[in-house]
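Accompanying notes for the structure given below.
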2 protein chains.
Amino acid sequence: MNSITFPPSGRARAVIERVFPEIEGGDFPIKRTIGEEILVEAHIYTDGHDQLSCQVLHRPAGAEKWSEVAMAHKSNDHWQARFNVTGLGRHEYTVIAWVDRFLTWRHDIARREEEADILAALKVGIDLVTAAAKRAEGSAALALKNWAAELGATTTPQARQLMAQSESLADLMAIYAERLFVTEYHRVLAVTVEVERARFSAWYEIFPRSCLTEGATHGSFAGVIKHLPDIAAMGFDVLYLPPIHPIGRSFRKGPNNSLKAGPDDHGSPWAIGAAEGGHRDIHPQLGSHEDFRHLVTKAREQGLEIAMDIAFQCSPDHPYVKQHPSWFRHRPDGSIQYAENPPKKYQDIYPFDFESEDWQALWAELKGVVEHWIEEGVRIFRVDNPHTKPFPFWEWLIGSIKAEHPDTIFLAEAFTRPKIMHRLAKLGFTQSYTYFTWRNTKEELTEYFTELAQHESREYFRPNLWPNTPDILPEFLQFGGRPGFMLRVALAATMGANYGIYGPAYELMEHEAIKPGSEEYLNSEKYQLRTRDFTRPDSLRSYIARLNQIRRENMALQSDWNLRFLPIDNPLMICYSKTAGDEALVMVANLDPHNAQAGWVELPLEDLGIAPDTSFQAHDLVSGARFLWQGERNFVRLDPQASPVHILRLRRRVRSERDFDYFL
Amino acid sequence: MNSITFPPSGRARAVIERVFPEIEGGDFPIKRTIGEEILVEAHIYTDGHDQLSCQVLHRPAGAEKWSEVAMAHKSNDHWQARFNVTGLGRHEYTVIAWVDRFLTWRHDIARREEEADILAALKVGIDLVTAAAKRAEGSAALALKNWAAELGATTTPQARQLMAQSESLADLMAIYAERLFVTEYHRVLAVTVEVERARFSAWYEIFPRSCLTEGATHGSFAGVIKHLPDIAAMGFDVLYLPPIHPIGRSFRKGPNNSLKAGPDDHGSPWAIGAAEGGHRDIHPQLGSHEDFRHLVTKAREQGLEIAMDIAFQCSPDHPYVKQHPSWFRHRPDGSIQYAENPPKKYQDIYPFDFESEDWQALWAELKGVVEHWIEEGVRIFRVDNPHTKPFPFWEWLIGSIKAEHPDTIFLAEAFTRPKIMHRLAKLGFTQSYTYFTWRNTKEELTEYFTELAQHESREYFRPNLWPNTPDILPEFLQFGGRPGFMLRVALAATMGANYGIYGPAYELMEHEAIKPGSEEYLNSEKYQLRTRDFTRPDSLRSYIARLNQIRRENMALQSDWNLRFLPIDNPLMICYSKTAGDEALVMVANLDPHNAQAGWVELPLEDLGIAPDTSFQAHDLVSGARFLWQGERNFVRLDPQASPVHILRLRRRVRSERDFDYFL
């Protein structure tokens, strides 16, 4: 025996496996917002017929003490329990289980038939309860002592056999019985708990340089402040600004991405860095740091958080280029390598060389940039092209920033391959851009959103739906007319709890591409200022305001997981529900922006909380119209010129003659 | 910067995730037999457009040096590579990847258009190749030097641009280029490599005490030796003996499990232990240790391995009970707790108390039992009811035995809930009993065997199919007559690479249950000796011999993973294929033991290697009949009285007039 080694917990007979949620063997945390629930599931069992106790343990990371929640056995060795996260930051959970001698005894004694067997078993139980009484104090100790005495009393064995099943005895034993040979699941899993806006937000993107104050020829933070009431009135709660830093002059692009800029051209805000400064500095024409802080404050007063663009790249004029040449890759002739994807060249952009010998200084500086803007009041960051910088860098950056500032939000602007988008979400990005921008048909939308809402990736991947961006004017919007714009924003606002629009261009329905087959805007704001008449009578601002108001008033639209597609017998129409508690919403959309479409929807009445044999009201929260419906199949017709989407709140009770005073 | 910590490998830009096979985050090894292949898959990608090199590393556990296999990119960031395991025992594998500067350069230079850009890129390439030449030696160094010279020669830039795509240059660079910032997958995964019988075996179970030599009244090892030629002739390669140890006398069971045994009753072999000894000893009437070793040798001479029953439980008379009372649980009155599942009692069995304070001594002793029989020549163990002993015990026992004796096989006799059967397989059991015993209908068989053959659990769960056992006479065999016995053994032998029968009772078609609705044999051999006429003319021995011969001659039947169900338009018939290399077998079975059935099968000709427009032969290896088939749909009729199952070897070429001498 001397050379034999034994596992330390050889008597821990419970087995715990397949704990869920667990992302890739626990490599990554799941995500929640404050107050949200986590349903923890596991496969737990033991050898033989003994009974188990199973608990979920959870705590804020760093806390010493665990909170416990008893798990319930569902079926087939599948156990589960729920808890809610209440504080920001990293929270941990795991599972423990053990063979419970009291529960095993309780289970067995009920099945004994011969009196001698019952009496023998009662003795075992009395020992267990007496031992627990010794561990208890005060009234609990007294109660357990009484139980032991009752089990040993002179009533019939059958009466005492029944006593063993008492729930109040079981409750006491759950607390005071000895836990022997506890199996601890060998991984502690993590959840990142974030602010509510991480789960539910409406973004509005605007170029500050196009926000003119009266008489000005270049926009400014003051101009943005002037627009705040309108944006707030539309119901948005995040205001996202493209980069506000000094813009490079070397190889500056002119209007419509022309290679030569004129002397008065403003260049692309993403060509960051000039003599006036870099990523911590502000384009002089937009305002000062003080002006920026003023904007942050004024926006917050109106319920709007400023989202800052993080684009980690430099123009050739960026101060880094001279101060830290080792942060860039050099060509054999000694010049700095500009961005390229042969044969395309982007001479106005120098990417950082993350393989630099001096990488730690580079990382520290970029972290400093984020911290700088946090100090200026920013809590939300929209990260430009994160998939072109190393994944370990983002994991480190977001991890260390959120350790200090758990209220920050990072949106990943990665329109790229699926696994890469998922990795960015797993490693820490709060929200992610999606393929919604190009999903137009019923089949495309159903397949993609079923995945987003149902697949386990929802534990970490929070979609943020954008019908347009300054980089993408989708063909659907180029040719769908006003109904197309109404449809796409309504889909985004109801399919996703997080969505956003590239603002003025959207509500004013700008739809001209630079050339056929391109998704680039004509006269794109990326390369020039755009002044607009925001008060144009055909603007969609009131339609969008209505959508955002409905989102705020209906909890069901504030989550992604509750989306469910319902059958409708017209391939150009789509129908889906979202429910929350008592709330049942059914959305019906006409995907054809050119023609009225009609169809029969099929409702899963029970799931929607509707009795099968009563009439109910379908109240269109968009138009205010109320329809009297009955049964599973109901008819819907949508004229896209009027309103391409119903957001129907089902109201369960319809008045009848029985409600009439004189009926009784 | 002083308080900032950085990840050690911040410049390792490749990401490796979802490595497969990986069981539960690498908690458990997968299984293979010697020579088998492992297809390793992973999701691998990096930021931006750079090109990756990805390698699977593998080695015998404990070896210092890894072998490498280059992975190929399939699609969508999915990479894979294959290797074969060549030695018994534990083997390890993992994945590495890095951004490959040479491949990135090679990819980019091909896309350059302007001559200046090509010339600049050539310089970068020359530097890379020159650096590699310095790391190489001999002819490789010379070859790389030549390549560098050629890339810098005075031929046109376009000619040299083309040169960069040379495969022989790429091959050299794959070996000698510097690997910078390599990402190592953070888990090393394991595979248990076992002997071929672990994957492909045919078991025959026989009670030695029923194997009489002439004139004897109790069977013996000598009697078993007498039967060996018959069993070998039937084509089996594992001979499994129920426990051969001394049998307890206290509470001994009589025939048909009666509570009182008569003085001449032999008791159950699973009531192990008496005055004559325990788990390391042999029932005196069966023979001596020397006789047992002789049996092992004689069996091996005929291609049969002896499988020993491991039943870790004791009769009240077992020497352990007196020597180690602490290994058993005690009742409040001081007596030892017999096995029970209230209200059922098994007073003839004392289970071990694995929660004993003395558990380490108990574990060590039980391991000693296994080692004892390994010393006596046994390599295969059929473990009785492993699910009633703790999982950590088995993981430790099998793990430590296989570390010394990687050629051992452990079969888990666990007819219990699915997760428990899977756990036993994961923690180390080589093979597992299955639900096949009760799967009779087309739907049941299709669903269950699709799971066994296709689900990722096949990486660790090797089914061993038993149409009967001494504990289970399924109803199908009670009422299916001779066709039922033929059908079930043919299904077992062709659906599973591992199968077994409880021998004489099977081939002699014993089908009487102790009472209606029971699956217990009448006059079960578990409680009494049975003498039989093995030469009965109606015995299925030649049918079974034919099945086993077909299994040996056809590789396709030696694996579980290649099973595929094919459509047949009769719900009482089932059709499935197994292929291996050039071999294509199609099995067609009539599941109705009472009536002839006919149907049209649909063959996936391309997958079976048959040209769509030619005739081919379907050669029934059971009956020898040859059918001429053509196209996807072919007709099959099976009379269960004659032969309920076809095992059709498809032979691709049918002779035609063109083969006739005079045709040319």
Side-chain angles (χ1 to χ4, degrees), chain A residues 1 4 6-7 9-13 15 17-18 22 24-27 43 45-49 76-77 99 108-109 111-114 117 120 123-124 127 180-181 186-187 331-333 341-343 354-355 359-361 363-364 367 387-393 395-396 400 417-420 423, chain B residues 1 4 6-7 9-13 15 17-18 22 24-27 43 45-49 76-77 99 108-109 111-114 117 120 123-124 127 180-181 186-187 331-333 341-343 354-355 359-361 363-364 367 387-393 395-396 400 417-420 423:
Chain A
M1 259 189 67
I4 304 185
F6 297 94
S9 52
R11 289 188 287 179
R13 293 164 53 210
V15 168
E17 57 184 22
R18 304 262 173 169
E22 174 184 284
E24 290 176 35
D27 290 349
H43 296 176
Y45 46 82
T46 187
D47 56 281
H49 297 286
N76 206 5
D77 303 314
V99 172
D108 280 5
I109 196 172
R111 280 150 192 81
R112 289 176 189 271
E113 291 170 358
E114 293 173 34
D117 290 338
K123 281 189 189 152
V124 174
D127 286 353
L180 278 169
F181 316 130
H186 61 299
R187 284 191 272 265
R331 309 167 81 202
D333 67 1
N341 185 15
F354 282 89
E355 292 184 352
W359 62 279
Q360 296 193 341
W363 285 27
K367 181 175 175 229
H387 54 295
T388 61
K389 290 95 194 170
F391 300 92
F393 166 68
E395 189 163 9
W396 169 86
S400 48
R417 307 193 299 279
K419 294 178 183 62
I420 292 177
R423 180 74 178 199
Chain B
M1 258 190 69
I4 303 186
F6 297 94
S9 52
R11 289 188 286 178
R13 292 164 51 209
V15 168
E17 57 183 23
R18 305 264 173 168
E22 173 183 284
E24 289 175 38
D27 290 350
H43 297 177
Y45 45 82
T46 187
D47 56 279
H49 298 285
N76 206 5
D77 302 315
V99 172
D108 280 4
I109 196 172
R111 281 152 191 80
R112 289 177 189 270
E113 291 170 358
E114 292 173 32
D117 290 338
K123 280 189 191 152
V124 173
D127 287 352
L180 277 169
F181 317 131
H186 61 298
R187 284 190 272 264
R331 309 167 79 201
D333 66 0
N341 185 13
F354 282 89
E355 292 185 352
W359 63 278
Q360 297 193 339
W363 285 27
K367 180 174 176 229
H387 55 295
T388 62
K389 290 95 194 169
F391 300 93
F393 166 69
E395 188 162 10
W396 169 86
S400 48
R417 306 193 299 279
K419 294 178 183 62
I420 292 177
R423 180 74 178 199

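Throughout, protein chains are lettered first and strands after them, A, B, ... in sequence-line order, and every chain is numbered starting at 1.
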Segment of B/Phe181 engaging chain A (4.5 angstrom heavy-atom cut-off):
side chain
So what's closer than 4.5 Å to chain A heavy atoms on B/His49: side chain, backbone, both or neither?
side chain
So B/Arg187 and A/Asp27, do their side chains get closer than 4.5 Å, heavy atoms only?
yes
Chain B contacts, top residue of A/Asp127, A/Val15, A/Val99 (heavy-atom pairs, under 4.5 Å):
A/Val15
Minimum-distance pair of heavy atoms, taken over all atoms of B/Trp396 and A/Pro7
CD1-CD, 3.6 Å
Using a cut-off of under 4.5 Å for heavy-atom pairs, which of B/Gly48, B/Gly10, B/Pro392, B/Ala120 has the most such pairs with chain A?
B/Gly10
If you compare all heavy atoms of A/Asp47 against all heavy atoms of B/Phe391, which two are closest, and at what distance to 0.1 Å?
N-CE1, 3.6 Å
A/Asp77 CG to B/Lys419 NZ distance, which is reported to the nearest 0.5 Å
5.5 Å
Max heavy-atom pair count under 4.5 Å with chain A, selected residue of B/Lys123, B/His387, B/His43, B/Glu24
B/Glu24
Could you look at B/Val124 and say if it's the side chain, the backbone, both or neither that has a heavy atom under 4.5 Å from chain A?
both
Under 4.5 Å to a heavy atom of chain A? For B/Asp117 that would be side chain
In Å, rounded to the nearest 0.5 Å, how long is the span from CZ of A/Phe6 to NZ of B/Lys367?
8.0 Å
Determine yes or no for a side-chain-to-main-chain donor-acceptor pair under 3.5 angstrom, with A/Arg11 supplying the side chain and B/Glu355 the backbone.
yes
The interface call for A/Asn76 against chain B, heavy-atom contacts under 4.5 Å, is both
Region of A/Arg331 that comes under 4.5 Å of a non-hydrogen atom in chain B:
side chain
Let me know if B/Asp108 has heavy atoms under 4.5 Å from chain A in its side chain, its backbone, both or neither.
both
Please identify, among B/Thr388, B/Thr46, B/Asp333, the residue contributing the most non-hydrogen atom pairs under 4.5 Å to chain A.
B/Thr388
Only residue of B/Glu113, B/Glu114, B/Arg112 satisfying side-chain contact (heavy atoms from CB on, under 4.5 Å) with A/Pro342 is B/Arg112
Check each atom of A/Arg417 against the heavy atoms of chain B and say whether the ones under 4.5 Å are side chain, backbone, both or neither.
side chain
